[in-house]
Amino acid sequence: GAVVSQHPSRVICKSGTSVKIECRSLDFQATTMFWYRQFPKQSLMLMATSNEGSKATYEQGVEKDKFLINHASLTLSTLTVTSAHPEDSSFYICSAPTWTSGTDTQYFGPGTRLTVL
Amino acid sequence: GENVEQHPSTLSVQEGDSAVIKCTYSDSASNYFPWYKQELGKRPQLIIDIRSNVGEKKDQRIAVTLNKTAKHFSLHITETQPEDSAVYFCAAKYQDKLIFGTGTRLQVFP
């Protein structure tokens with residue numbers, strides 16, 4: 001299958017600081033990438049759709065000024081959690097679709113565990 | 001929008017038995033239904049998927065069935081093994097986005 005990488009895998013930061021998470025498609029180009037958040041023992045909740053060359057599309061209830069998304073190239077999307085607070089502590093996962101057998105299959109990055117102290 | 005429900009939330013089976021996880025979706029426009037397996041702290045891994053023009057698909061011990069009329073789809077794992085223990089998520093593709101079910105924690109006891 002296709003490979004999606006994420007960096008960093010873990011980050012611990014102080015409350016009020018900003019954290020940037022990178023998502024890369026390693027062996028394919030992705031005009032669209034997706035960002036999810038997963039709290040412990042819960043499902044994956046879609047936060048936003050990252051679009052190369054245009055603004056991200058945010059899901060209802062997700063603050064666009066707090067979660068800044070930039071799709072800098074066909075292989076890179078970044079999520080910046082601004083002014084992070086303890087309630088932002090979560091597992092953030094990106095995914096990118098690639099065409100397989102006539103439709104797009106989504107492959108996930110390994111995730112970034114964010115802990116805000 | 002799309003809503004995906006998944007049952008059961010936990011499932012314990014004896015090694016060698018079968019496991020069935022069921023999902024329902026709300027929007028008939030959804031046309032692609034993948035299943036993911038997620039181990040603790042790891043990324044979700046695609047294990048099987050089915051598209052709306054197909055009623056059933058099988059890959060070794062794993063099979064998925066889709067009933068478009070009832071908006072149901074199910075994952076079937078036969079001859080379960082301890083390494084099948086994980087959380088399984090169903091999803092439905094809606095407007096180019098994947099909407100996930102709430103997950104099923106499967107435990108396979110030796």
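Numbers restart at 1 for each chain; the letters A, B, ... are given by sequence-line order, proteins then strands.
Looking only at side-chain heavy atoms (C-beta outward), A:Gln6 and A:Ile21 come within less than 4.5 Å of each other.
Here the options are B:Gln6, B:His7, B:Lys22, the test is side chain to side chain donor-acceptor pair (under 3.5 Å), and the partner is B:Thr104; only B:Gln6 passes. Among A:Pro110, A:Ser95, A:Cys23, the single residue meeting the side-chain contact (heavy atoms from CB on, under 4.5 Å) criterion with A:Val4 is A:Cys23.
Of the two parts of B:Pro34, neither the backbone nor the side chain holds a non-hydrogen atom closer than 4.5 Å to a non-hydrogen atom of chain A. Contacts between B:Lys42 and chain A at a heavy-atom distance below 4.5 Å involve the backbone alone (N, CA, C, O). For B:Phe89, the part sitting under 4.5 Å from any heavy atom of chain A is the side chain, from C-beta outward, and nothing else. Using a 4.5 Å cut-off between heavy atoms, A:Gln38 contacts chain B through its side chain alone, with no backbone atom that close. Residue A:Phe91 touches chain B through its side chain alone, counting heavy-atom pairs closer than 4.5 Å. Both the backbone and the side chain of A:Gln106 have a heavy atom closer than 4.5 Å to some heavy atom of chain B.
Between A:Phe108 and A:Tyr36, a ring centre-to-centre spacing shorter than 6.0 Å is recorded. Under the 6.0 Å cut-off for aromatic ring centres, A:Tyr107 and A:Phe28 do not qualify, their centroids lying 6.0 Å or more apart.
With chain B as partner, the option from A:Pro97, A:Gly109, A:Pro40 having the largest number of non-hydrogen pairs under 4.5 angstrom is A:Gly109. Ranked by heavy-atom pairs shorter than 4.5 Å toward chain A, the options B:Leu46, B:Val87, B:Thr102, B:Leu98 are led by B:Leu98.
At distances below 3.5 Å, at least one donor-acceptor pair connects side-chain atoms of B:Gln14 with backbone N or O atoms of B:Pro110.
The residues B:Asp49 and B:Arg51 are annotated as salt-bridged, a charged nitrogen and a carboxylate oxygen being separated by less than 4.0 angstrom. A salt bridge does not link B:Lys71 with B:Asp27: none of the charged nitrogens is closer than 4.0 Å to a carboxylate oxygen.
The shortest heavy-atom contact between B:Glu2 and B:Ala92 is OE2-CB, 4.0 Å.
Among the residues in residues 44-80 of chain A, those with a non-hydrogen atom closer than 4.5 angstrom to a non-hydrogen atom of chain B are A:Leu44, A:Leu46, A:Thr49, A:Glu59.
Checked by atom type, the side-chain pair B:Thr24/B:His72 shows no donor-acceptor distance below 3.5 Å.
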